[in-house]
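Below is one structure; the comments refer to it alone.
Throughout, protein chains are lettered first and strands after them, A, B, ... in sequence-line order, and every chain is numbered starting at 1.
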Amino acid sequence: MIETAVVAAMYVIGLAMLLSLWRLLRGPSVPDRILGLDTLYVNTIALLILFGMHLDSSIYFEAALIIAMLGFVGTVMLSKYVMRRDIVE
Amino acid sequence: MKRFLPSLPLSLAVFVLWLLLVATFSVPAVALGLALAVVLPLFADMLRPERASFGRLPVLLKLGAVVLLDIVRSNIEVARLILGPERAISPGFVQVPLDIANIHGITALASIITLTPGTVSAELSEDRSHLLVHCFNLRDPEGVVATIKARYEAPLKEIFP
Amino acid sequence: MIAHLPVLPVLLPLVAGALMLLVGRRAGPQRTLAWVAMAALLAVAALLAREAGRGEILVYLLGDWPARLGIALTVDRTSALMVLTTALLAAPCLLYACSGWDRRAPHFHALFQLQLAGLNGAFLTGDLFNLFVFFEVLLIASYGLMLSGGRGPRMRAGLHYVAFNITASTLFLIALGLLYGLTGTLNMAEMSLRVAAADPADVALIQAASGILLVVFCAKAALLPLYLWLPETYSHAPAAVAALFTVMTKVGVYAVLRVYTLVFGSEAGALAGWAWDWLLAAGIATLLLASLGALASPTLRAQVAWLVIASAATLFVAFSLQTPGAVAAGLYYLVQSTFVTAALFLIADMVRRQRGKAGDRLDIAAPLGHKTALGLLFLVAGVAVAGLPPLPGFVGKFALLAAVPEGRVALVWTTVLVTSLLALVAMARSGSQLVWRAETFAEGAAAPRPPRAAQRIATGVLLGYLVVLMLASAPVLRYADGAAAQLLAPADAVQAIRGTVPVKRAPSP
Amino acid sequence: MMEFALASGIGVLTACGVYLLLRARSFDVILGLTLLSYATNLLIFVSGRPVIGKPPVLREGVAETLANYTDPLPQALVLTAIVIAFAMTAVTIVVAMRSRADNRSDHVDGREPDAGERR
Amino acid sequence: MLELLLALPFVLALLVAILRNVPRAATAWLAASAPLLGLAILAWFTPAVMSGEIPQATHAWIPRAGLLFDLRLDGLAWMFAGLVLGIGVLIVMYARYYLSENDCAPRFFAYLLLFMGAMLGMVLAGNLLLLVVFWELTSISSFLLIGYWTHRKDAREGARMALTITGAGGLALLGGVLLLGKIAGSFQLDVVLASGDAIRAHPLYAPMLGLVLLGIFTKSAQFPLHFWLPHAMAAPTPVSAYLHSATMVKAGVFLLARLHPALAGSDLFFYTVSGIGAATLLVGAWNAIFQHDLKGLLAYSTISHLGLITLLFGLSTPMAVVAGVFHILNHAVFKASLFMAAGIIDHEAGTRDMRRLGGLRRLMPFTSALAIIASLAMAGVPLLNGFLSKEMFFAEALEIRGHDAMRLGVAGAAFLAGVFGVAYSLRFVHDTFFGAGPRDVDHEVHEPPRWMKIPVEILVVACLAVGTVPALTIAPVLETAARGALGGELPYYSLAVWHGFNLPLLMSIGSMVLGVALYFGLRRLFDIHAVIRRSFGRKLFRGNVLALLRLAWRFTYAIANGNLQRYLLLTILAALVLAAAPLAGTALFAGSGPGQPMPALGWVLWVALVAASIATVALHRQRLLALVVIGAVGLAVSLVFVFLSAPDLALTQLLVEMVTIALMLLALNYLPQQSPPGRSRPRRARDLAIAGAAGLGVSALVYAVITRPSQTIAGELLARSLPEGYGSNVVNVILVDFRGFDTLGEIAVFGIAGLVVHALLRRSRLAPAEVIPGGPALLPMPANLSQLLFPLALAVSVYLFLRGHNQPGGGFIAGLVLAIPLLLQYVIQGSQYVEQRLGFDYVRCIGAGLLAAVGTGIAAMLFDLPFLSSGHADPVLPLIGPLPLASALGFDVGVYLVVFGGAMLILSMMGTVKPHPKAPPATSAGATPGEAPA
Amino acid sequence: MSAAFEILMVALLAIGAFFVLVGSLGLVKLSDFFKRLHGPTKASTLGVGCVMIASIGHHATLGDGLGLRELLITGFLFITAPISAHLMAKAALSLAEDDPRPSPPPRPDQAQPREDDGPGR
Ligand code: NA
Ligand code: NA
């Protein structure tokens, strides 16, 4: 039951990832694409957790943790670039 | 004390983080956690963040509960809007005048606003007197401002006096 | 310590390089460290060559793991010769750089040592992936050496050099991935056995993978059609660096020699020696084109760069003949051509500095300060590089020609002799243009400062090597004969590598 | 089917990388090299034969054989390759910056092509 | 002793070159001492040589390749050595007065002695390879001597021409000698000379002969390769006298004589050598008549005489060989004296142009007398040495065996050449010493210094002595030399002046009469002085060299056109070809392994990967967009690693991806924001096709490989990881233990990358592509949050580091987890803010890391274990308890430090680039003064 | 494991997946950047949060015992999501053709400039 739910949830997340990807590829503005990438990262966190549940293993926890902790750095830098060009001022 | 333990909450956060990570209470693990709780905030302090005195804990807990509840509630609300027809949504910006001066307070407020679906804090004015907030569905700007100030800013002023 | 000899040529410069990062930027400590390390490396390289000269293959199991599990350094006569050549080359290069360039190029000494570590690692390793890693070490250090303190055109040449080499490294990885996927090992000796025993259905795939690998090595060695990057890179590098770089093409040649005698060598079953026919053709074509390039060069440095390509191509011709005599002649030629082209780079630099604005351009007549000394140096180096007697260029070429097997005589002789003539014409042309055609300095114009003693000594040392090589041709060739014998009969090497047991660990669980 | 998907994915990455590598601007070349490095990393990785859900981190009570764990060696190789590729990318990028600044063109050949021979 | 003989000139050359500041006379005496001492040594050997002994000295040089340092003094060598040394003494003496004050005497004498040594080595060589060595040395030293007056264009060109032609010949000779050695089984002269029959019967005889003759003919200036010799006359006259008449050009005919027993005796040899000789004889003589330059006339005459000698050796009869050797001697003597005389005339009159000279017999009677006698010897007038050998030549020409047409032809050529010889000799005498006095000469013409004449006198006396009393003077020398050349019994010959009234004498008289008639006839028919002879050979040579250079240039720069795209394209094509070649025609692909099913989520990932890759290409011209999209590719790749059981890889890929994006963004600020529209459509289509082929090829290979069963050694790695590597994360154990050496190299690469970036950006100022107006962005709220994040991230970093050996993590990952939050501080708070507060020395960090890693490895060596052997300890600490420690941890500390230091060095250097001073200043509208861009 | 627990787990997973999906759906469906900006906050709060709790429960019953490590993920997301949203909004604002920001109402009580400069400089 739970196993099925986990797998189903993974598929749902997969669908969400495709949607985010669509925004990433489609644009139209740069912030839109950054937002798409950012969302993709968040989706990935959920996917990793679910995958860990699927495998009965916490081996992918660190990957999820690192995305949660540092995944936004890309977003920050890209946004800063859009704002200022010079990301380290 | 300040020199060796610049920020107790931070040290506490590091220690808790450590314990959660290692998920054991073995002596070496705890000892190392304590060491890190002392050392790492010292490092962080080298960046010389703005200091803040830390106010009342009960208010903090209450605020936490309120925020969690609001997150759930507005999640549902926003989900409904997203799934519904788009023309039902009328987004807009609103400037929230700030009474709170402490940067930690402002940060907390802005974070809460962002974490609560339906609102995103977009910009802090240069003089830190206004927070620009984007609302997913802005029907009543004054109402939104008032809610934010009452529900979040007021307790935050108590936490970060 | 003698037991650790094989690893020292990598460790010494690595430690020295790391220490240089710690002692700060002042030239004094940096130079002291550099020379201490250099002296130690020379001693180690000489010892290693002596040990390897006895004929046994030294196997050093890093981490005490058996060769198939970990990484084993493998020292035969060839690799010891390469290490010694590199050390001997590096010393005068370092001396030349110490005449001033080392102060202007940030991190010069550290990069220099790390470059040596990379070179030595590439020569000593017996593991294919480790070879990749040390290729990268030496490449990235070479980027630094070439570009540090540089500007403008050098940056453009550098961009080409970097992009080209990364592309080649990408191919290297592709080949490695495929080879590992097909053979399940990275140790060359182990791989040779698996290639020999490969399923017939896999043979074509293994050859395809090794073909990609061959492209990589040939790209580093600047073989047709992959040689185009070299002239601009080398002619834009600082003199001491360009001189050191003369051994870099030899790394590619060495890698081909190593891999295609050991893994795809005489005992590789269906794939035995498949690469050498391609290489002979490519080597001959490269030799011809590079000699034309030497004739066409607008500057002396470009000319020397083309000669570097020509020498690498000569080596490919020699090695692809796969007879003991030819391989030995090739090894001898390798050593001498490294020294002579390095000397020419240094001379080109000194000439450039004595000619004012004309630099080392060959189409402009300009006064040349300190004509006699420079002319003499150029004469010796020119004679050597053109392969004229009695210098070792001649010895190497004639030993090669003498060793050409029956069927190839017409082709190889014609190529080698014709290209020697082209080199001769090129050197005569540039020498008479630069030295003889030199005008006197205009009245009142101050003659340029003479080349520094360090510069002259460095060049002299390199040319001195040539004299020693000439006089000691017999022992060196004897050593090369031994090296060739080891290369062409890889079974012994495989036996030695597989048979070496760890000091403490069990050979198998 | 998974093998086919992996092979084709690596192929697409390679093709995209090669196409960008053959562009004339330094930044495009760097993008191409990045894609190619993804392709090679994946290639080395799958040379150990892809397996779902058997990471090579030993667990107590599970026999240490290839039946229970995937081949760790290619993973170690890829790690090395990733790091090296990053280092190389960093250097390439800086050289590209300097070349642009010194030569006033980001063309890989350090000069803008003449009108006649756009490339 | 032979070694000493050979070493003398080289040693003294060195001495002369070193002692630069001594008087010229001392230099000359020093230089002369080499041939003088050499002559003494030679004299000491003479009795032995004359009695038929062959003194020999053998040393090993490269015995493996048949190259011995073997010296051998037989009769021929003895004669040539005597010639080289004897004329050498005279030349040195002459040159001491010939050189002007501006000429650098030490250089001249050093070169001259170098040449002398090379020549001696060549004639003494008892090993053919050694002979080639010295042969080439003569080419080099003659190059230096011809170009001695470096400021003169004709000298430089003449030198280059001579070097090119003789150098080419030398290389051909090397080939020929190698073949000869192969045929004969040895390079030792004794062996080779003894196996003539075997050599001639060998299938390789013809190519070998061709190569050897090419060497000989170039050196001896045989038609049609003769044209370099007149241009070599740009050399100082002593050089011309020595090299281009007496010695070096004789090297060719010397070799012809030397190898005569081995090579001669075939029809091929006979026709080729005598044919070329005859042609040269005539061409040289005919051309000599029309030279206006004294030295030019002598040069063509030399060509002609060399042709004569060649012809004689071509005839191959023992008598002809004797005649050839005899003529070598005679020609050397009279031609050297003539050149010296010409030099004196040039020296005194300031010109060598016969159109301006004349009547010198009145102004310098003694010199004139000497020159006239030598000219008569050249013309073959009786009672002079030239007559004797010419007579022998005529006799031989008439006695050619068998071939009637050949006999007629050679005899005719001999006669004709005799006629021409008389004509040009007459011209030399008449135009220089008779007739009206010199014109347009700004000197007072008088006799030269005493010592300048002495060499000429000696040589002319020799001409006379040999010509009148040959039996008393030259006979023993000739006998010894001829025996050396023939290697056996000598034919009967007579050196009498008078052989009776025979056909050769008739020919001599006839040629004399006709020669005089020809000269005056030509003068009458048209003004011989007005004939302008362009050197066809030089023109051809120049044209060829130019064409070669042009070809080289065109070839080289058509291929290496400085276009990176082409280089990369060729590389990819080469890989495609070499990978496709073995697969053509094989039915490969699907291996036997069972395929694995693909979960639907996998396809999602596949779509993401493929779509993002293609989008990167589609968007690549808008660079920022491409960067955003490529981030998705990286994410997809790390997810592939996640699903396919590689947690460490996934982590690393994620972190590296972030840093890479940072790098690219930092760089993009200094690059154009967009790529201009690129190549033409066909180019794009071509690139697309190649990219497609590459992708298809890689796909096919990958598919073929991964559907085959694996035979990896990894099982053993898994089994030994925990018990011997003390870690359960096998990937990490491989990284720090099994293959720690790879990792050491890897962090070296990483550290070096940091250094390179540091070196390239440290002092450089770059102009940003675009400066957005306004001061630095103020981000107080994110700054506040990121400061909160920082210590937490550090804790995570420590955690990942410590557990890496057993769980995903490790030094590299931890290092980046440390670096990225710090980078975030740079981004959000600005570099100045961070660096003022957190002043790391990243360079030292790299150094310390490298040392830590290497040091851990070296520690094992102290326990007599190989570098990088891992150790393990379980110390029990008070209060804390057992603490498992693997030495791998020390290694990982190194990795951690290097990665952190390297990454931060790169990022901080890129982030803190100073703007170019010429860049438009950032117009900071709302910025306060303290907020200028850092 | 009790059925109630199982149902709770399934519900958590369903809710979590639902909100993640809705977030991404919003990203695709909505027409304006600032509207879309509200999508991922759903995913990163309630979406990931529910999955996280499910995971804690899952590992507590099936895996390595109770561990609250997953809370850290939510914790970090709570710190980082505001930063990225803030910066994305600022980026979009800087690109906006005409400034959509309403002018701040006058605040007489805070007219004078502040003294401290803040860490942003
Ligand atoms: Na800056
Ligand atoms: Na910056």
Side-chain angles (χ1 to χ4, degrees), chain C residues 4 7 15 18 21-22 61-64 68-71 106-107 114 130 133-134 136-137 140-141 143-144 148 160 164 167 171 178 181 184-185 204-205 207-208 211-212 215 225-226 228-229 292-293 295-296 388-390 399 401-402 413 417 420-421 424-425 428 432 436 473-474 477 503 509, chain E residues 62 64-65 133 136 147 150 156 160 163-164 167-168 171 175 178 549 552-553 555-556 560 564 567-568 570-571 574-575 578-579 582-583 586 701 704-705 710-713 719-720 737-742 745 748-749 752 755-756 759 762 843-844 846-847 850-851 854 861 865-869:
Chain C
H4 298 296
V7 78
V15 170
L21 300 182
L22 294 176
L61 302 178
L62 288 157
D64 208 24
R68 66 183 180 285
L69 295 183
I71 294 171
H107 297 305
L114 293 166
N130 197 239
V133 171
F134 278 103
E136 300 303 300
V137 174
I140 198 160
Y143 305 154
S148 182
H160 282 197
F164 181 84
T167 309
L171 288 175
L178 295 174
T185 183
L205 277 176
Q207 190 186 339
I212 299 175
V215 171
L226 311 167
L228 304 167
W229 59 273
L292 286 180
L295 268 179
L388 290 180
L401 293 183
W413 282 26
L417 292 176
S420 295
L421 179 63
L424 177 68
V425 173
S432 66
W436 284 358
S473 293
L477 273 169
V503 177
Chain E
I62 313 175
R64 160 196 175 285
V133 167
E136 292 283 44
T150 58
R156 295 194 300 265
R160 278 213 301 266
L163 181 65
T164 306
L171 289 167
L178 281 168
L549 287 179
W553 204 87
F555 241 96
T556 302
L564 175 66
Y567 305 170
L568 298 179
L570 285 173
T571 312
L578 275 187
L583 301 177
T586 56
L701 286 172
V705 169
S710 158
Q711 7 173 317
T712 171
I713 41 104
R720 298 177 79 165
D737 199 336
F738 287 109
R739 301 186 67 89
F741 205 51
D742 272 351
V749 169
I752 298 169
L755 298 184
V756 174
R762 196 162 65 97
V843 172
R844 285 207 166 86
I846 296 172
L850 278 176
L851 273 187
V854 177
M861 289 158 74
L865 286 170
F867 182 66
L868 283 178
S869 300

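Taking C:F134, C:W413, C:Y143 one by one and counting their heavy-atom pairs under 4.5 Å with chain E, the maximum is reached by C:W413. Highest contact tally toward chain C, considering only E:W553, E:F741, E:F555, is held by E:F741 [criterion: heavy-atom pairs under 4.5 Å]. Options E:A574, E:A759, E:G167, E:A65 differ in how many heavy-atom pairs under 4.5 Å they form with chain C, and the most are formed by E:A759. Chain E forms the most heavy-atom pairs under 4.5 Å with one residue out of C:V137, C:L62, C:L69, and that residue is C:L69. Of the listed residues E:S710, E:A748, E:A168, the one with more heavy-atom pairs under 4.5 angstrom with chain C than any other is E:A168. Contacts with chain E were tallied for C:L292, C:L477, C:L401, C:L228; C:L228 has the most, counting heavy-atom pairs under 4.5 Å. Most heavy-atom pairs under 4.5 Å with chain E, from the set C:L226, C:V7, C:D64: that is C:D64. No other option in E:I713, E:I846, E:D742 has as many heavy-atom pairs under 4.5 Å with chain C as E:D742. In terms of non-hydrogen atom pairs under 4.5 Å with chain E, the most contact-rich of C:S473, C:A399, C:A18 is C:A18. The candidate with the highest count of non-hydrogen atom pairs below 4.5 Å against chain C, out of E:L755, E:L549, E:V705, is E:L755. For the set C:L21, C:L61, C:L171, C:V425, the count of heavy-atom pairs under 4.5 angstrom toward chain E peaks at C:L21.
Contacts of E:V843 with chain C are made by both backbone and side-chain atoms, with heavy-atom separations under 4.5 Å. Looking at C:F164, the atoms closer than 4.5 Å to chain E (heavy atoms on both sides) sit in the backbone and in the side chain alike. With a 4.5 Å cut-off on non-hydrogen atoms, C:W229 touches chain E through its backbone and its side chain both. Within the 4.5 angstrom heavy-atom criterion, atoms from both the backbone and the side chain of C:V15 approach chain E. For C:L388, the part lying near chain E is the side chain, with the backbone staying farther off; criterion is any non-hydrogen pair under 4.5 Å. Within the 4.5 angstrom heavy-atom criterion, atoms from both the backbone and the side chain of C:H160 approach chain E. Only the side chain of E:R762 comes within contact range of chain C, with heavy atoms under 4.5 Å apart.
Counting all heavy atoms, side chain and backbone alike, C:H4 lies closest to E:L865 at CE1-O, 3.1 Å. In this structure, E:T556 and C:G293 approach most closely via the heavy-atom pair OG1-CA, 3.3 Å. Summarising the geometry of E:R739 relative to C:G70, their closest heavy-atom pair is NH1-O, 4.0 Å, with the distance given to 0.1 Å. Closest approach of C:A402 and E:L178 over heavy atoms only: CB-CD2, 3.9 Å. When every heavy atom of E:V756 is checked against every heavy atom of C:G144, the shortest pair comes out as CG2-CA, 3.6 Å. Smallest separation of non-hydrogen atoms from E:L163 and C:A428: CD2-CB, 3.7 Å.
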Passes side-chain contact (heavy atoms from CB on, under 4.5 Å), E:T164 versus C:L424? Steps please. CA-CA 7 Å; E:T164 306; C:L424 177 68; over 6 Å; no
Check against side-chain contact (heavy atoms from CB on, under 4.5 Å), C:I71 and E:L868: CA-CA 11 Å; C:I71 294 171; E:L868 283 178; over 6 Å; no
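A donor-acceptor contact closer than 3.5 angstrom links the side chains of C:S432 and E:R160.
Looking at heavy atoms from C-beta onward, C:I212 lies out of side-chain contact with E:L578 at the 4.5 angstrom threshold. Using a 4.5 Å heavy-atom threshold, the side chains of C:V503 and E:P866 count as touching.
From E:I752, atom CD1 reaches atom CD1 of C:I140 across 6.5 Å, with rounding to the nearest 0.5 Å. Atom OG1 of C:T167 sits about 4.5 Å away from atom CG of E:L568, to the nearest 0.5 Å.
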